[in-house]
Amino acid sequence: MRKLKNSELDRLSVSDFKTAAKTPLIIILDNIRSLNNIGSVFRTSDAFLVEKIYLCGITATPPHKDIHKTALGSTDTVAWEYVNDTLELVNKLKADDVVICSIEQAEHATMLDTFSPEPNKKYALIFGNEVKGVAQNVVNASDYVIEIPQFGTKHSLNISVSCGVVVWDLFSKLKASN
């Protein structure tokens with residue numbers, strides 16, 4: 001098997017990305033501290049044609065060299081917006097019929113492997129602070145709390161890893177339902 005060259009990967013140009021049909025997923029970063037995590041979320045969002053990223057609270061915004069280091073230009077492709085208050089954003093999105101999903105470990109959470117997104121719905125996925133997680137008032141306002149099943153001793157994943165796992169899972173399920 002021969003590895004592909006970058007020129008063989010059939011990558012979209014920035015303008016083609018902007019006009020491409022997007023996956024009906026929105027990412028909300030709730031008070032993320034790590035600039036590298038933010039950049040990694042941008043890259044994952046680019047890979048799966050995520051519609052938009054909202055950067056909330058203390059979450060830093062582009063341009064920043066430490067975001068750029070991991071985003072590798074995806075801050076130029078993925079639409080993003082800064083919103084100070086995560087709960088206000090959640091309430092606005094709910095009013096627009098977006099299904100709100102906090103990615104968190106909580107009582108009565110739905111396990112990711114059993115969650116089935118409905119076709120023709122748009123989902124906002126909220127990823128929380130590296131230490132405190134998604135704010136409790138935001139969890140309370142969510143339509144779903146989705147937990148990534150984990151079987152080891154830590155029961156903790158880096159936020160950028162969590163984003164990759166959840167976005168890939170929902171992207172796959174949404175694509176299969178079309």
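Small disclaimer: the values here were computed from a predicted structure and weren't measured. Computation of the quantities below employed the complete heavy-atom set of this structure, encompassing side-chain atoms and omitting hydrogens, waters and symmetry-equivalent molecules.
No donor-acceptor distance shorter than 3.5 angstrom exists from the side chain of Asp96 to the backbone of Val98, with no hydrogens or angles considered. At distances below 3.5 Å, not a single donor-acceptor pair connects side-chain atoms of Lys22 with backbone N or O atoms of Lys52. One N or O on the side chain of Lys173 and one on the backbone of Phe115 form a donor-acceptor pair closer than 3.5 Å. Proximity of a side-chain donor or acceptor of Ser142 to a complementary backbone N or O of Val145 within less than 3.5 Å is not detected. Formation of a donor-acceptor pair under 3.5 Å by the Asp30 side chain with backbone atoms of Ala135 is found in this model. Put simply, the side chain of Lys154 never gets that close to the backbone of Gln150: no donor and acceptor are under 3.5 Å apart. Side-chain N or O atoms of Glu8 include one that pairs as donor or acceptor with a backbone N or O of Lys5 at under 3.5 Å. Of the possible polar contacts, one joining the His155 side chain to the Gly152 backbone as a donor-acceptor pair under 3.5 Å is found. With hydrogens and angles ignored, the 3.5 Å screen pairs no side-chain donor or acceptor of Lys132 with any backbone N or O of Glu130. Between the side chain of Glu104 and the backbone N or O of Phe127 there is no donor-acceptor pair closer than 3.5 Å.
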- Item | Criterion side-chain contact (heavy atoms from CB on, under 4.5 Å) on Asp16 and Ser13, from CA distance to verdict | CA-CA 5 Å; Asp16 288 341; Ser13 68; 3.2 Å; yes
Would Val83 and Glu81 count as a side-chain contact (heavy atoms from CB on, under 4.5 Å) here? Give the steps.
CA-CA 6 Å; Val83 175; Glu81 181 179 340; 4.0 Å; yes
- Task: Could you go through the side-chain contact (heavy atoms from CB on, under 4.5 Å) check for Ile27 and Cys163 one step at a time?
- Result: CA-CA 9 Å; Ile27 305 293; Cys163 182; 4.2 Å; yes
| query | Do Tyr82 and Tyr54 pass the side-chain contact (heavy atoms from CB on, under 4.5 Å) test, and can you show the C-alpha distance, the side-chain angles, and the key distance before you say yes or no? | reply | CA-CA 6 Å; Tyr82 176 79; Tyr54 286 96; over 6 Å; no
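Atom OH of residue Tyr123 and atom CG of residue Asp143 lie 9.5 Å apart, to the nearest 0.5 angstrom. If you take CZ on Phe42 and CG on Leu72, they are separated by 13.0 Å, rounding to the nearest 0.5 Å. To the nearest 0.5 Å, atom CG of residue Asn129 and atom CD1 of residue Ile58 are 5.5 Å apart. Atom CG of Leu49 is separated from atom NZ of Lys175 by 9.5 Å, given to the nearest 0.5 angstrom. With rounding to the nearest 0.5 Å, the separation of NE2 in His68 from CG in Leu35 is 13.5 Å. Taken to the nearest 0.5 Å, the CG atom of Leu87 stands 5.0 Å off from the CG atom of Asn137.
Between Trp168 and Phe48, the ring centre distance stays below 6.0 Å.
No chain of hydrophobic side-chain contacts below 4.5 Å, direct or via other Ile, Leu, Val, Met, Phe, Trp or Tyr residues, connects Leu29 to Ile26. The hydrophobic clustering, which links ILVMFWY residues whose side-chain heavy atoms are closer than 4.5 Å, places Val90 and Ile53 apart. Cluster membership check: Ile32 shares its hydrophobic cluster with Ile146, using side-chain heavy-atom separations under 4.5 Å among Ile, Leu, Val, Met, Phe, Trp and Tyr. Val41 and Leu170 end up in the same hydrophobic cluster when Ile, Leu, Val, Met, Phe, Trp and Tyr side chains are linked at under 4.5 Å. At a threshold of 4.5 Å between side-chain heavy atoms, the hydrophobic network of Ile, Leu, Val, Met, Phe, Trp and Tyr places Ile126 and Val166 in two separate groups.
Contact of the Asn31 side chain with the Cys56 side chain is not registered, since no non-hydrogen atoms from C-beta on lie closer than 4.5 Å. By the 4.5 Å heavy-atom criterion applied to side chains, Pro63 and Thr75 are not counted as neighbours.
Applying the 6.0 Å contact sphere to NZ of Lys18 captures more than 12 heavy atoms from other residues, nucleotides or ligands. Annotation: Lys94, atom NZ; neighbour count of heavy atoms from other residues, nucleotides and ligands within 6.0 Å is above 12.
Side chain to side chain, Asn36 and Ser34 fail the donor-acceptor criterion of an N or O pair below 3.5 Å. A donor and an acceptor atom, one from each side chain of Asn37 and Ser40, are nowhere located under 3.5 Å apart.
Remark: of the listed residues Leu89, Thr59, Val138, Leu89 is the sole one forming a side-chain contact (heavy atoms from CB on, under 4.5 Å) with Ile28. For the side-chain contact (heavy atoms from CB on, under 4.5 Å) with Pro62, the lone residue among Asp76, Leu55, Ile38 that qualifies is Leu55. Partner of Ser177 under the side-chain contact (heavy atoms from CB on, under 4.5 Å) criterion, chosen from Ser116, Pro117, Pro119: Pro119.
Of all the heavy atoms in Val50 and Val78, the pair that sits closest is O-CG1, 4.2 Å. Listed here is the closest heavy atom pair of Ala20 and Leu12: CB-CD1, 4.2 Å.
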